[in-house]
Enquirer: 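Structure below; questions to follow.
Labels below follow one simple rule: chain letters A, B, ... track the order of the sequence lines, proteins then strands, and each chain is numbered from 1.
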There are 2 protein chains.
Amino acid sequence: MKDVAALARVGTKTVSRVINAEPNVSAATAERVWSAVRALDYHVDLQAGSLRRASGRTRTLGLLLSSIDNPFASAISRAVEDAALPREVSVFASSLDDDAQREEAAVGAFLRRRVDGLILTTMSRSAAYLLPTIQRGTPVVFVDREPVGIDADVVTSDNRAGARRAARHLAAHGHRRIVALIDRLDIQTATERRDGFVEGLTSADSVRATIIDGLHDSEGAERALGELLAGEDPPTAVFGGQNLITVGALRALRARGLQRSVALVGFDDVPLGDLLEPGVTVIRQHPQRIGAIAADRVFARIDGDDSAPVRIVVPTELIARGSGEIIAPR
Amino acid sequence: MKDVAALARVGTKTVSRVINAEPNVSAATAERVWSAVRALDYHVDLQAGSLRRASGRTRTLGLLLSSIDNPFASAISRAVEDAALPREVSVFASSLDDDAQREEAAVGAFLRRRVDGLILTTMSRSAAYLLPTIQRGTPVVFVDREPVGIDADVVTSDNRAGARRAARHLAAHGHRRIVALIDRLDIQTATERRDGFVEGLTSADSVRATIIDGLHDSEGAERALGELLAGEDPPTAVFGGQNLITVGALRALRARGLQRSVALVGFDDVPLGDLLEPGVTVIRQHPQRIGAIAADRVFARIDGDDSAPVRIVVPTELIARGSGEIIAPR
DNA sequence: CTGAAAGCGCTAACAG
DNA sequence: CTGTTAGCGCTTTCAG
């Protein structure tokens with residue numbers, strides 16, 4: 001900036017004014033400054049600025065999700081970016097792989113970089129470690145999973161109701177032997193979906209439900225379902241607890257040619273789910289909406305909204321495409 | 001930091017030493033400092049530090065891709081994050097939507113935040129605007145697309161050869177009326193793939209190839225192919241120039257029940273392409289590998305590697321799953 | 001092993 | 001309308 005000031009023959013403060021579009025600079029001076037900026041390919045150092053700036057804001061956000069590689073997370077990511085763009089806020093992104101240690105490390109890394117706010121899919125047994133951060137004025141909005149031990153903004157899907165709906169849907173199609181393939185139970189949404197699934201069945205008569213939990217990826221789910229299908233008294237219907245699990249289930253069914261005889265409902269949409277044969281019936285989530293709402297919340301908090309924390313639930317919906325409407329045999 | 005120093009009854013420099021694991025601090029002093037850090041939930045300000053630090057490094061990277069929402073980009077993203085994690089580097093991510101203006105804006109935003117390096121899928125007619133940046137010591141590694149007007153590290157797929165292979169594959173299965181659905185030609189890979197496709201056909205006899213370019217999303221591709229299929233002398237085979245286009249083509253074929261009679265080869269893999277019926281034959285790219293190599297290059301440059309720019313081409317491969325092996329009628 | 005002083009690039013506060 | 005001075009939180013340098 002000194003160099004620009006020297007080249008434009010003005011003081012550094014004038015350069016600062018021009019660059020930040022502050023008033024009280026004559027057009028001629030401004031033009032001199034701009035041409036010096038162009039000549040030197042100068043870019044202000046925002047970080048240095050925020051050090052001194054009254055607000056202390058860095059115009060930076062931290063986004064922490066399970067894995068950017070998962071369409072659910074990348075849709076959230078995209079929505080957050082889109083909300084950040086017009087505000088000239090840059091987004092730090094980090095995949096946590098549902099690992100609590102990685103979560104704390106990544107949150108720490110972002111805090112050391114003085115992000116103005118955090119959007120977080122937490123994995124921690126307790127998110128209380130973020131309390132001082134919030135109190136010090138760095139808002140945290142939780143997405144996808146409810147945090148434990150902290151009262152803060154949360155945006156989630158309607159996990160329990162969605163799973164209940166899936167269970168009822170399968171029972172309504174005559175299924176009495178249903179298996180639910182569930183993620184690791186240390187993931188909050190997994191227990192929610194399992195509970196919802198169980199709730200959905202209590203009203204139905206004599207359904208024999210098997211719950212397999214601790215599944216986390218496609219391969220594990222495929223293997224688990226494969227064993228059940230090969231065993232005695234195999235299920236006539238499957239509930240896939242998240243998108244990767246549903247994909248694993250699809251593969252297990254396909255491998256045995258059962259995709260048209262065993263029913264399947266997945267939680268969270270699956271890419272090209274409408275193009276498979278049969279189409280994959282899912283409880284659709286709205287990750288884009290979740291991301292947009294979460295971004296709205298952080299920015300509102302950053303802008304000083306200090307109302308009570310809110311808990312926003314984005315409804316899911318059942319998309320019937322065929323796989324979930326397969327009728328139970330006999 | 002002053003507060004921590006006061007609480008631990010040491011100077012700020014000692015706090016700095018402890019936090020940065022520098023030598024020459026007694027164990028007892030270090031412990032006092034750590035407990036003060038915990039008591040205050042203190043996090044160093046890395047940005048303030050890098051202002052004064054000799055290296056000037058911010059341990060920050062800028063990653064600019066077409067859209068994080070596309071599996072190709074999110075795989076790259078994931079690979080870059082994984083390379084950044086052990087180096088304690090945080091990654092700024094931004095989707096550019098193949099918009100040159102958005103690109104320059106996002107690059108500027110990251111430069112103003114003093115990233116140590118940039119990984120970029122460029123859209124600009126000329127990337128020469130980055131020359132001063134590179135000369136000043138901020139490395140830029142281009143991914144996916146070759147930049148124009150600048151000599152810098154590039155990591156791409158084997159676009160031309162891959163497209164050639166796709167064309168030959170279809171011709172070898174007897175197709176003589178083939179349509180290539182190509183992205184906007186201002187995207188470098190689109191012209192490469194179109195040219196490769198055409199090259200692949202010149203050796204084959206009397207193939208009537210139609211090239212439709214300017215397609216950018218699934219819907220556009222679906223509409224374009226739909227019209228061709230409904231017209232006179234419809235194609236017997238289709239080449240999808242990128243993953244979204246391939247999906248659009250799949251939908252167009254499905255809508256007319258032609259997925260088993262019209263051949264299809266797509267460039268870039270499609271999610272669940274192996275589970276569709278027929279399976280989708282693709283020229284598979286390796287985005288994860290591209291991302292990993294690109295990250296390696298930036299970090300090498302950041303660490304002072306000033307050898308000549310390299311141009312790394314990651315080979316593609318044809319994955320035959322059925323749709324591309326449909327034989328031409330008659 | 002420890003701390004004081006200076007200064008990184010910028011903006012706030014104020015003086016002209 | 002413009003410039004000067006101080007200081008943001010840290011690390012460098014150097015002196016104890």
Enquirer: Looking at dG3(D), dC10(C), dC10(D), which one has an atom nearest to any side-chain atom of Arg52(B)?
Expert: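 Out of dG3(D), dC10(C), dC10(D), the nucleotide with an atom closest to Arg52(B)'s side chain is dC10(D).
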Enquirer: Do we see a donor-acceptor contact under 3.5 Å between the side chains of Arg78(B) and Ser67(A)?
Expert: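 There is such a pair between these side chains.
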Enquirer: Starting at NZ of Lys2(A) and ending at P of dG3(D), how long is that distance when rounded to a whole Å?
Expert: 16 Å
Enquirer: Lys13(B) has a side chain; which of dT2(C), dT11(D), dC10(D) sits nearest to it?
Expert: dT11(D)
Enquirer: Applying side chain to side chain donor-acceptor pair (under 3.5 Å) between Ser157(A) and each of Gln285(A), Arg145(A), His286(A), report the one that passes.
Expert: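 One option only clears the test, and that one is Gln285(A).
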Enquirer: Select one nucleotide: of dT2(C), dC10(C), dT2(D), the one nearest the side-chain heavy atoms of Thr14(A).
Expert: dT2(D)
Enquirer: Looking at Glu103(B) and Arg125(B), is there a salt bridge between them, counting it only when a charged N and a carboxylate O are closer than 4.0 Å?
Expert: no
Enquirer: Can a side chain N or O of Ser16(B) be found less than 4.0 Å away from OP1 or OP2 on dT11(D)?
Expert: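 Looking at the OP1 and OP2 atoms of dT11(D), one of them is under 4.0 Å from a side-chain N or O of Ser16(B).
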Enquirer: May I have the distance from Leu51(A) (atom CG) to dG9(D) (atom P), rounded to whole angstrom?
Expert: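 Atom CG in Leu51(A) sits about 7 Å away from atom P in dG9(D).
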Enquirer: Using the side-chain heavy atoms of Arg53(A), tell me which of these nucleotides is nearest: dC1(C), dC10(D), dT11(C).
Expert: dT11(C)
Enquirer: Using atom CG of Leu46(A) as one end and atom C1' of dT11(C) as the other, report the distance to the nearest whole Å.
Expert: 12 Å
Enquirer: Quick one: on DNA chain C, does Ala30(B) or Ala48(A) contact a more 5' nucleotide (nearest heavy atom)?
Expert: Ala30(B)
Enquirer: Should Asn24(B) be listed as having a side-chain N or O under 4.0 Å from OP1 or OP2 of dT2(C)?
Expert: no
Enquirer: Can you tell me if Tyr42(B) touches the phosphate of dC10(D), counting only side-chain N or O atoms and a distance under 4.0 Å to OP1 or OP2?
Expert: yes
Enquirer: To the nearest angstrom, how far is Arg17(B) atom CZ from dC14(D) atom C1'?
Expert: 11 Å
Enquirer: Take atom CZ of Arg112(B) and atom P of dT11(C), then tell me their distance rounded to the nearest Å.
Expert: 12 Å
Enquirer: Roughly, in whole Å, what's the span from CD in Gln47(B) to P in dC10(C)?
Expert: 14 Å
Enquirer: Which whole-number value in Å describes the distance from His43(A) NE2 to dG9(C) P?
Expert: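 So the two atoms are 16 Å apart, to the nearest Å.
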Enquirer: When the distance from CZ of Arg32(B) to C1' of dT2(C) is rounded to whole Å, what number comes out?
Expert: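 Between C1' of dT2(C) and CZ of Arg32(B): 11 Å.
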Enquirer: Take Asp116(B) and Thr58(B), measure what side-chain hydrogen bond (donor to acceptor under 3.5 Å, both in side chains) needs, and give me the verdict at the end.
Expert: CA-CA 6 Å; Asp116(B) 294 340; Thr58(B) 56; 3.1 Å; yes
Enquirer: From the list dT11(D), dA12(C), dC1(C), which nucleotide is the closest neighbour of the side chain of Ala54(A)?
Expert: dA12(C)
Enquirer: Hey, which of these two, Thr29(B) or Ser50(A), hits DNA chain C nearer its 5' end, going by closest nucleotide?
Expert: Thr29(B)
Enquirer: Look at atom CZ of Arg136(A) and say whether more than 12 heavy atoms of other residues, nucleotides or ligands are closer to it than 6.0 Å.
Expert: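 Enclosed.
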Enquirer: Please classify the nucleic acid contact of Asp45(A) as base, sugar-phosphate, or nothing, using heavy-atom distances under 4.0 Å.
Expert: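 It contacts sugar-phosphate atoms only.
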